[in-house]
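What follows is one structure encoded as structure tokens, with my remarks underneath.
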Amino acid sequence: MDATFATGKELQKMDPVFGQLSFDDHEQIVFCNDKDTGLKAIIGIHNSVMGPALGGTRMWNYNTEWEALNDVLRLSRGMTFKSAITGLNIGGGKAVIIGDAKTQKTPELMRKFGEFVHSLSGRYITAEDVGMETKDMDTVRDVTPYVTGISEERGGSGNPSPVTAYGVYLGMKAAAKSQFGTDVLDGKKVLVQGIGHVGETLVDYLTKEGAQVTITDINEEKLYQVASKYNAAIYTGEDLYTADVDIYAPCAMGATINDNTVDKIKAKVIAGAANNQLADENVHGARLQERGILYAPDFLINAGGIINVYAELANYGKAEIMTKTENIYNTTLEIIDFAAKNNITTHKAALTIAQNRIDQRRIENASK
């Protein structure tokens with residue numbers, strides 16, 4: 001079969017790594033396996049032009065290894081552009097551990113993962129993501145210095161979730177200002193999908209401003225707990241994408257904006273913490289634009305976490321962390337304006353500006 005005329009699925013079968021669209025010229029992919037601890041992990045280093053690859057580790061019970069590989073590649077690529085658009089001098093990487101974080105994560109498994117990270121000699125620096133806690137990063141720190149987001153007691157920046165949520169909140173306000181003419185969220189109907197560490201903190205910010213918050217999550221116990229704590233409504237409809245809300249905030253897993261959902265969404269603004277919200281960034285980004293729905297690029301507005309953990313590498317304090325995070329508001333407005341002037345999607349606008357910064361650094365590096 002001539003690969004030139006092969007379909008996407010056929011190409012993926014012939015080239016299960018390089019043939020994936022999400023591969024996108026990754027520099028390095030590391031498969032980690034340890035029989036004794038049960039560790040099965042994948043580390044993706046997408047781009048190191050701006051510096052060593054920094055990105056969190058996600059532990060998730062993936063259905064297949066293919067699903068895990070695709071996720072780490074999409075996440076790793078997103079980290080490259082997240083750091084670039086935020087003005088950080090760091091590259092993009094990510095890691096996933098295949099397994100149930102509630103039942104299969106052990107200190108031994110985390111230390112073994114840390115050993116694999118250490119073997120890369122600083123090309124990849126890990127941090128906290130879905131399924132991970134600050135204490136897990138402390139365990140990794142026992143065996144390697146190439147980890148951020150460790151506890152403040154050990155000299156780290158601590159849990160990045162509150163800062164992530166703050167950045168998402170500010171990005172949402174900027175998007176609201178552009179779409180509704182005001183960034184005041186008092187009275188706005190907001191649906192928050194996923195109320196983990198970041199989602200719950202976002203609910204807190206929104207509630208304090210007077211937004212009408214509705215929440216949904218696969219964890220019913222947490223759902224009722226958060227609803228009671230913040231007096232939030234629980235979504236009880238059959239299809240949350242058809243909910244009559246002003247703002248949809250995806251804060252769980254990615255790709256919720258896909259072929260099955262993109263034409264159902266009634267919200268006029270999409271602004272959430274989840275990574276890779278667009279299943280196909282070109283197709284679904286364009287469709288949202290056609291429908292008049294303003295999408296705040298996820299890798300821009302959820303960058304508070306990376307700003308927080310990067311502080312450990314750049315040696316700046318809480319004040320500068322907050323200043324850099326607050327700038328997400330202005331950058332979001334700039335991206336929206338750039339997209340409108342160039343008649344492109346907001347996602348494409350953010351990617352373009354981030355890529356331009358990477359390309360400029362590549363030229364500078366070559367001339368040294």
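What you see is a predicted model, and the numbers here were worked out from it, not measured in a lab.
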Closest non-hydrogen contact found for Asp183 with Lys173 is O-NZ, 2.9 Å
Any side-chain heavy atom of Asn308 within less than 4.5 Å of one from Thr164? no
What heavy-atom pair brings Ile125 and Thr148 nearest, and what distance separates the two atoms? CG2-CG2, 3.9 Å
Could you pull out all residues at least two apart from Phe113 that satisfy ring-ring contact (aromatic ring centres under 6.0 Å, His included)? none
Checking the side chain of Thr352 only, and the main-chain atoms of Lys348 only, is there a donor and an acceptor separated by less than 3.5 Å? yes
Please walk me through it: do Asp259 and His284 pass side-chain hydrogen bond (donor to acceptor under 3.5 Å, both in side chains)? CA-CA 8 Å; Asp259 289 342; His284 302 123; 2.7 Å; yes
From the list Thr80, Ile358, Asn365, side chain to side chain contact (heavy atoms under 4.5 Å, CB included) partner of Met50 resolves to Ile358
Please enumerate all residues that pass side-chain contact (heavy atoms from CB on, under 4.5 Å) together with Glu67, with sequence neighbours excluded. Tyr62, Asn63, Thr64
same_hphob_cluster(Val147, Val130) at 4.5 Å side-chain heavy-atom cutoff: no
Please identify each residue that fulfils salt bridge (charged side-chain N to carboxylate O under 4.0 Å, His left out) with Glu152, with sequence neighbours left out. none
Apply side-chain hydrogen bond (donor to acceptor under 3.5 Å, both in side chains) to residues Gln289 and Tyr295 and explain how you reach the verdict. CA-CA 8 Å; Gln289 184 182 37; Tyr295 175 67; over 6 Å; no
Could you check Asp136 against Val140 for side chain to side chain contact (heavy atoms under 4.5 Å, CB included), going step by step and ending with a plain yes or no? CA-CA 6 Å; Asp136 298 318; Val140 172; 5.7 Å; no
Looking only at atom types and distance, does a side-chain atom of Arg291 sit under 3.5 Å from a main-chain N or O of Val262, one as donor and one as acceptor? yes
Verdict with supporting geometry, Ile43 and Val117, side chain to side chain contact (heavy atoms under 4.5 Å, CB included): CA-CA 8 Å; Ile43 299 171; Val117 171; 4.2 Å; yes
Taking only residues at least two apart or on different chains, which pairs with a member in residues 92-103 satisfy salt bridge (charged side-chain N to carboxylate O under 4.0 Å, His left out)? Lys94-Asp129
Closest non-hydrogen atom pair between Gly131 and Ala101, with its separation: O-CB, 3.5 Å
If Ile, Leu, Val, Met, Phe, Trp and Tyr residues are connected whenever their side-chain heavy atoms lie under 4.5 Å apart, and connections chain through other members, are Ile301 and Leu88 in the same group? yes
Ring centroid separation for Tyr146 and Tyr124, is it under 6.0 angstrom? no
Which distance, rounded to the nearest 0.5 Å, do you find between the CG of Asp298 and the SG of Cys251? 11.0 Å
Closest non-hydrogen contact found for Gln28 with Leu120 is NE2-CD2, 3.8 Å
Working for side chain to side chain contact (heavy atoms under 4.5 Å, CB included), residues Asp204 and Tyr230: CA-CA 7 Å; Asp204 186 26; Tyr230 300 99; 3.5 Å; yes
Considering residues at least two apart in sequence or located in another chain, which fulfil the side-chain contact (heavy atoms from CB on, under 4.5 Å) criterion with Glu364? Gln360, Arg361
Check the pair Glu108 / Lys112 against salt bridge (charged side-chain N to carboxylate O under 4.0 Å, His left out), numbers first and verdict last. CA-CA 6 Å; Glu108 292 76 20; Lys112 180 56 67 173; over 6 Å; no
With sequence neighbours left out, what residues match Ala311 under side-chain contact (heavy atoms from CB on, under 4.5 Å)? Tyr316, Ile321
N-O pairing of Glu115 and Arg111 below 4.0 Å: no
Could Asp142 and Arg154 be called an ion pair, given the rule that one side-chain N must be under 4.0 Å from one carboxylate O? yes
Quick one: list whatever passes side-chain contact (heavy atoms from CB on, under 4.5 Å) with Asp359, sequence neighbours left out. Gln355, Arg362
Spacing of Leu288 atom CG and Thr345 atom OG1 [to the nearest 0.5 Å]: 9.0 Å
Identify every side-chain donor-acceptor pair in residues 265-275 under 3.5 Å, counting partners at least two apart or on other chains, and give the distances.
residue : atom : partner : partner atom : Å
Asn275  : OD1  : Lys82   : NZ           : 3.1
Asn275  : OD1  : Asn302  : ND2          : 2.9

Would the distance check show the side chain of Ser161 and the main-chain N or O of His197 forming a donor-acceptor pair, the cut-off being under 3.5 Å? no
Any non-hydrogen side-chain atom of Trp60 less than 4.5 Å from a side-chain atom of Val96? no
Backbone of Phe116 reached by a side-chain donor or acceptor of Ser119 within 3.5 Å: yes
Leu170 versus Tyr205: any side-chain heavy-atom pair under 4.5 Å? no
Results of ring-ring contact (aromatic ring centres under 6.0 Å, His included) for Phe81 - residues two or more places apart only: none
Step by step, work out the side chain to side chain contact (heavy atoms under 4.5 Å, CB included) result for Lys40 and Gln104. CA-CA 11 Å; Lys40 291 186 182 301; Gln104 295 177 277; over 6 Å; no
Write down the atom of Pro297, the atom of Ile335, and the distance for their closest heavy-atom approach. CG-CG2, 4.2 Å
Student check: side-chain heavy atoms of Ile353 and Glu334 closer than 4.5 Å: no
Heavy-atom distance under 4.5 Å between the side chains of Leu54 and Ile306, does that happen here? yes
Is there a donor-acceptor pair under 3.5 Å between the side chain of Glu128 and the backbone N or O of Thr134? yes
Less than 4.0 Å between a side-chain N and a carboxylate O, is that true for Arg77 and Glu281? yes
Close side-chain approach of Pro52 and Ile90, heavy atoms under 4.5 Å: yes
Under 3.5 Å donor-acceptor pairs involving side-chain atoms of residues 184-196, not counting sequence neighbours:
residue : atom : partner : partner atom : Å
Lys189  : NZ   : Asp244  : OD2          : 3.4
Gln193  : OE1  : Tyr248  : OH           : 2.4
Gln193  : NE2  : Tyr241  : OH           : 3.4

Partner residues of His26 under the ring-ring contact (aromatic ring centres under 6.0 Å, His included) criterion, sequence neighbours left out: Phe23, His46
Just by distance, no angles: are the side chains of Asp34 and Thr37 close enough, under 3.5 Å, to form a donor-acceptor pair? yes
Compare every heavy atom of Ala255 with every heavy atom of Arg74, then report the nearest pair and how far apart it is. NH2-CB, 4.3 Å
Should the heavy atoms of other residues, nucleotides or ligands under 6.0 Å from NZ of Lys177 be counted, would the total exceed 12? no
More than 12 heavy atoms from other groups under 6.0 Å of NZ on Lys318: yes
Within the distance-only criterion (no hydrogens, no angle test), does the side chain of Thr139 pair as donor or acceptor with the backbone N or O of Lys135 below 3.5 angstrom? yes
Only counting residues at least two apart or in another chain, list the ones meeting ring-ring contact (aromatic ring centres under 6.0 Å, His included) with Tyr329. none
